[in-house]
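Quick note on labels: first sequence line is chain A, next is B, and so on, each numbered from 1.
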Amino acid sequence: MNNFDIDTVMAELEKHFTQVRTPVVDQIQIQTKDPFKVLVTTILSARTKDETTSQAAKKLFEKVKNIDDLEKISAEELDSIIHQVGFHNAKTKYLKQLPSVLKEKFGGKIPSEIDELLQLPGVGRKTANLVRAIAFSLPAICVDVHVHRICNRWGYVQTKTPYETEMELRKILPERYWLTFNSYVVAFGQNLCTPRKPKCNQCPIYNQCARIGVKE
DNA sequence: AAAACGGGGGC
DNA sequence: GCCCCAGTTTT
């Protein structure tokens, strides 16, 4: 039934989903690993499509390249640039608060620890972990809805909340997979292992999966 | 624990 | 038109 083996699963995910899609921050990362840009992009990306986030971020970075630029830009202009991302009213507010919080608490530098990142406006656990992983190449497990759903579906964890999933994965997921896990699982979750009607008949790891909660 | 925030894309 | 969505904050 459930022959779940994380090495087999990761090998299959690498084989099938490396090229499919990467998080928007990875697209930005091609150009820079600048923690400021990674942080801003990641805040903008919350529950927003990558393509939309990417367009807004690129436009924004033409005018705003660092904390000082962000401090100077007016809320109106900022909003006009990022209006196409979802929740832009809240995100405009967060970005306007960001420079003062960074300067007062962290000496104007982007912090790399989770507890520090969580003090920034608009940054929750998912964003904090993603910034830590992408901008600083430090161990982090980024749990979004895909990771939470799929790890439970596999039977790899049995958890109620994304936070519990993160804590459990910290214990059982080999650290060599931490940086890539989210990208692969998200690509897998978008293309095959969708919330409803997953394409189990096409799944390369069908025999690894407990299919908990899957209606076929 | 539940509601609120929001525009974009698939069908 | 309707349904879904790579979260975080506020009530």
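Note on Arg196(A): every side-chain N or O is 4.0 Å or more away from OP1 and OP2 of dC11(B). Taking 4.0 angstrom as the limit, Thr48(A) places none of its side-chain polar atoms (N or O) nearer than this to OP1 or OP2 of dG7(B). In this structure, Asn182(A) does not reach the dA6(C) phosphate: none of its side-chain N or O atoms is under 4.0 Å from OP1 or OP2. Put simply, His146(A) has a side-chain N or O that comes within less than 4.0 Å of OP1 or OP2 on dA6(C).
Listed nucleotides dA6(C), dG6(B), dC5(C) differ in distance to Phe87(A); the shortest reach to its side chain belongs to dG6(B). Side-chain atoms of Gln84(A) lie closest to dG8(B) of the nucleotides dG8(B), dG6(B), dG7(C). Of the candidate nucleotides dG7(C), dT9(C), dG8(B), dT9(C) has the atom lying nearest to any side-chain atom of Tyr94(A). Listed nucleotides: dG7(C), dG6(B), dG8(B). Nearest to the side chain of Asp144(A): dG7(C).
Between His83(A) and Ser80(A), the closest heavy-atom pair is ND1-O, 3.0 Å.
Salt bridge annotation for Glu166(A)-Lys126(A): absent, with no cationic side-chain nitrogen under 4.0 angstrom from a carboxylate oxygen.
Within 4.0 Å (heavy atoms only), Gly124(A) reaches sugar-phosphate atoms of the nucleic acid but no base atom. Looking at heavy-atom distances under 4.0 Å, Val147(A) makes no contact with the nucleic acid at all.
In this structure the side chain of Pro162(A) never reaches within 4.5 angstrom of the side chain of Val145(A), judged on heavy atoms.
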